[in-house]
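The first residue in the sequence is number 1, and the count goes up from there.
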Amino acid sequence: MEDNPSQTVSAMQDNPINILSTRPLQDEWVAEAKAMGIIIDQLSFIETEPIVSIEVQQEVEQALILSATVVFTSMNAAAAVANWMDGQQPDWKIYCIGFATKELVKNSFGEESIAGTASSAAELAAVMIENGQTDEVIFFCGDQRRDELPEILCSNGIEVNEINVYQTITMPHHIKKKYAGILFFSPGAVQSFFSVNKINSETILFAIGNTTANEIKKYSKNKILISDQPGKENLLRKMMEYFGDS
């Protein structure tokens, strides 16, 4: 005997799957999940904001007039630099993380400026080394940037000039509700969450990439599922696919 669709919907509503997203999501994604019986609570555990100072302004303005190789590993850095451009189009060869950061770089600096992309900072460093076109780069980053890219480049004879253009502010929240799954989009959010929270062993943890997954492993032995590709929607789809099949 086949299930009655109305009975299936009613059962999902009576026994929803509760998920926590540590970053805001688009309303239509949340609505789509809800239609599947997945209720998503959204709570930011970090915030980022551009560093607005004379020092940073001078560093960025100096970089804008150079013919240089530039690196972005976050869309926050790309957005912060774009805000200082004031109509200038620099002579830059840009290496950046793919997807959201790449789209922002393309829209702000032009697609022709992109010299290479990769899905992680370590892979991006490998691409730059393989191309072998430079011995010096400008790395626009945040105050909590990861070590992988500069360490790999420096160990291969490429000088890295860092310019911090945004800062990350932790926003820990104590969670009392039990969740079937938690979505993490950055190592900083992982650190902020686990600074005040413990989770039960059944909670499934979803990571947007390997760097975030490795940070989770420092705090939890729970099952971790990693997005097949970077991007908020891709991680959400991974979660919906998992619980939709369970």
- Query: Can a salt bridge be assigned to the pair E215 and K218 using a cut-off of 4.0 Å between side-chain N and carboxylate O?
  - Reply: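 Salt bridge between E215 and K218, a charged N being under 4.0 Å from a carboxylate O: yes.
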- Item | Salt bridge E47-R23, side-chain N to carboxylate O under 4.0 Å |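 No, this pair does not count.
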Within the supplied structure, the quantity of interest is the number of heavy atoms (other residues, nucleotides, ligands) at a distance under 6.0 Å from [X] [atom1]; does it exceed 12?
| X | atom1 | result |
| --- | --- | --- |
| E130 | CD | no |
| K221 | NZ | no |
| K232 | NZ | yes |

- Can you name the one residue among Y166, F109, F139 that meets ring pair (Phe, Tyr, Trp, His ring centres under 6.0 Å) with F72?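 So the option named by the test is F109.
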- Message: Which residues pass the salt bridge (Lys or Arg N to Asp or Glu O under 4.0 Å) test with K106, not counting sequence neighbours?
- Response: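 Expected list: E103.
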- For A189 and T22, work out which heavy atoms get closest and say how close.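 Taking every non-hydrogen atom into account, CB-OG1, 4.1 Å.
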- Check: T168 main-chain N/O paired with D143 side-chain donor or acceptor under 3.5 Å: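 Present.
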- Would you please indicate yes or no on a ring centroid separation below 6.0 angstrom for F193 and F184?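 Between F184 and F193, the centre distance is under 6.0 Å.
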- State yes or no: are the ring centers of W84 and F140 separated by less than 6.0 Å?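 No: the rings miss the under 6.0 Å criterion.
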- Item | Side chains of N76 and T48, donor plus acceptor under 3.5 Å |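 Checked: N76/T48 side chains pair up, N/O donor to acceptor below 3.5 Å.
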